[in-house]
Amino acid sequence: MNLPLSTPFASALSPPANPSGPTLHFCFRGDELLVRKEVNGVSVPDLDVTPDAGLVEVRRHYLGHTPKSHIVAVELGAASPAPSGFEYAGLRELFDLLDGEVMALAGRAIQIVAWARTHQYCGQCGARTAPRPNERALGCPKCGLLSFPRLSPAIIVAIERGNQ
C-alpha cells in the first residue's frame, strides 16, 4: 500500500487500545524490505506477518501513526522467503519507486530494526538488555546502561554558483 500520507507522522511506542484503519508493515530481512510487486512498481504491504506465509517474525516495533494509518517495523528471520507476489529489495533500489513520505518512514523503520538487532546485549557488561516500558530504549538490568536508537537523517544538496 503506497498511502499518500501527506499528514504528520506521530511517533509512538505502542498502538492505541482499539486501532482502526490500515497498517503499513515495513518488514525487513536483514537490510532488505519486503515489497509487493505491482504493474507500476512496488508498494509496502499492509499484510500482517503470519507463519502461514512462511515469514518468521523476530521482533516487532510499533513506530507510530498518521491520521490514515499505523506504522509497524518488523524484523524477519534470515530464512523468511518472499511470499508469492512479493520480493525483497534494498532501500536504495526503492528510492524512485516509493512515495517520498513512505520512503522516509522506511528509513526510520530500518534504523529501529537495526538498532534493536545490534543492541540485544549491553555494550558495557554484556548482560541481555530489555525494552524500557515508557521510552524507546533498551536497558541493562545489571549495570543500568541505556541504549537509544540513533536516527540519522540524511539529505543531498547541490550548491551552485553561476555555471559551477
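In this chain, numbering begins with 1 at the start of the sequence shown. Heavy-atom basis, side chains included; hydrogens, waters and symmetry copies ignored.
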- Hey, mind stepping through Leu146 and Arg132 against side-chain contact (heavy atoms from CB on, under 4.5 Å) and telling me if it holds? CA-CA 9 Å; Leu146 291 177; Arg132 299 281 296 191; 3.5 Å; yes

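- Under the 4.5 Å side-chain criterion, counting only non-hydrogen atoms from C-beta, Pro16 is not in contact with Asn18.
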- Show the numbers, then the answer: is there a side-chain contact (heavy atoms from CB on, under 4.5 Å) between Leu94 and Val42? CA-CA 8 Å; Leu94 299 171; Val42 298; 3.7 Å; yes

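- Side-chain polar atoms of Tyr121 and Arg128 form a donor-acceptor pair below 3.5 angstrom.
- In this structure the side chain of Leu55 reaches within 4.5 angstrom of the side chain of Pro83, judged on heavy atoms.
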- Task: Any chance you could lay out the side-chain contact (heavy atoms from CB on, under 4.5 Å) test for Phe9 and Leu105, step after step, and finish with the verdict?
- Result: CA-CA 9 Å; Phe9 168 73; Leu105 289 171; 3.7 Å; yes

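- Nearest heavy-atom pair, Leu33 versus Ala106, reported as atom, atom and distance to 0.1 Å: CD2-CB, 4.3 Å.
- Not a single donor-acceptor pair under 3.5 Å links the side chain of Ser43 to the backbone N or O of Val35.
- The closest side-chain heavy-atom distance from Phe26 to Ile110 is not below 4.5 Å.
- Contact annotation: the side chain of Arg136 approaches that of His61 to within less than 4.5 Å [non-hydrogen atoms, C-beta and beyond].
- Within the 3.5 Å criterion, the main-chain N or O of Trp115 finds no donor-acceptor partner in the side chain of Arg150.
- Between Val44 and Leu98, some side-chain heavy-atom pair lies under the 4.5 Å cut-off.
- Residues Arg29 and Pro81 come closest through the heavy atom pair NH1-CA, 4.4 Å.
- Judged by a 6.0 Å distance limit and a 45° cone about the ring axis, Arg36 is not positioned over the six-membered ring of Phe86.
- Under the 4.5 Å side-chain contact rule for hydrophobic residues, Tyr88 and Val58 do not share a cluster.
- Leu145 and Gly123 make their closest contact through CD2-N, 4.2 Å (heavy atoms, listed as atom of the first residue, atom of the second, distance).
- Side-chain atoms of Ser11 never come within 3.5 Å of backbone atoms of Gly64 as a donor-acceptor pair (strictly under, hydrogens ignored).
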- Test side-chain contact (heavy atoms from CB on, under 4.5 Å) on His25 and Leu34 and set out the steps. CA-CA 9 Å; His25 288 83; Leu34 181 67; over 6 Å; no

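- Of all non-hydrogen atoms in Pro67 and Pro8, the two that sit nearest each other are CD-O, 3.8 Å.
- At a threshold of 4.5 Å between non-hydrogen side-chain atoms, the residues Glu57 and Cys27 do not count as touching.
- For Phe95, the CZ atom sits in a loose shell: 12 or fewer heavy atoms of surrounding residues, nucleotides or ligands are nearer than 6.0 Å.
- The heavy-atom pair separating Pro133 from Leu13 by the smallest distance is O-CD1, 4.2 Å.
- Within the 3.5 Å criterion, the main-chain N or O of Leu76 finds no donor-acceptor partner in the side chain of Ser80.
- Residues Lys68 and Pro22 form no side-chain contact, since every pair of their non-hydrogen atoms from C-beta on lies 4.5 Å or further apart.
- The line from CD of Gln111 to CG of Leu63 is 11.0 Å long, rounded to the nearest 0.5 Å.
- From Leu97, atom CG reaches atom CE of Met103 across 9.0 Å, with rounding to the nearest 0.5 Å.
- Taken from OG1 in Thr118 to CG in Leu138, the straight-line distance is 9.0 Å, to the nearest 0.5 Å.
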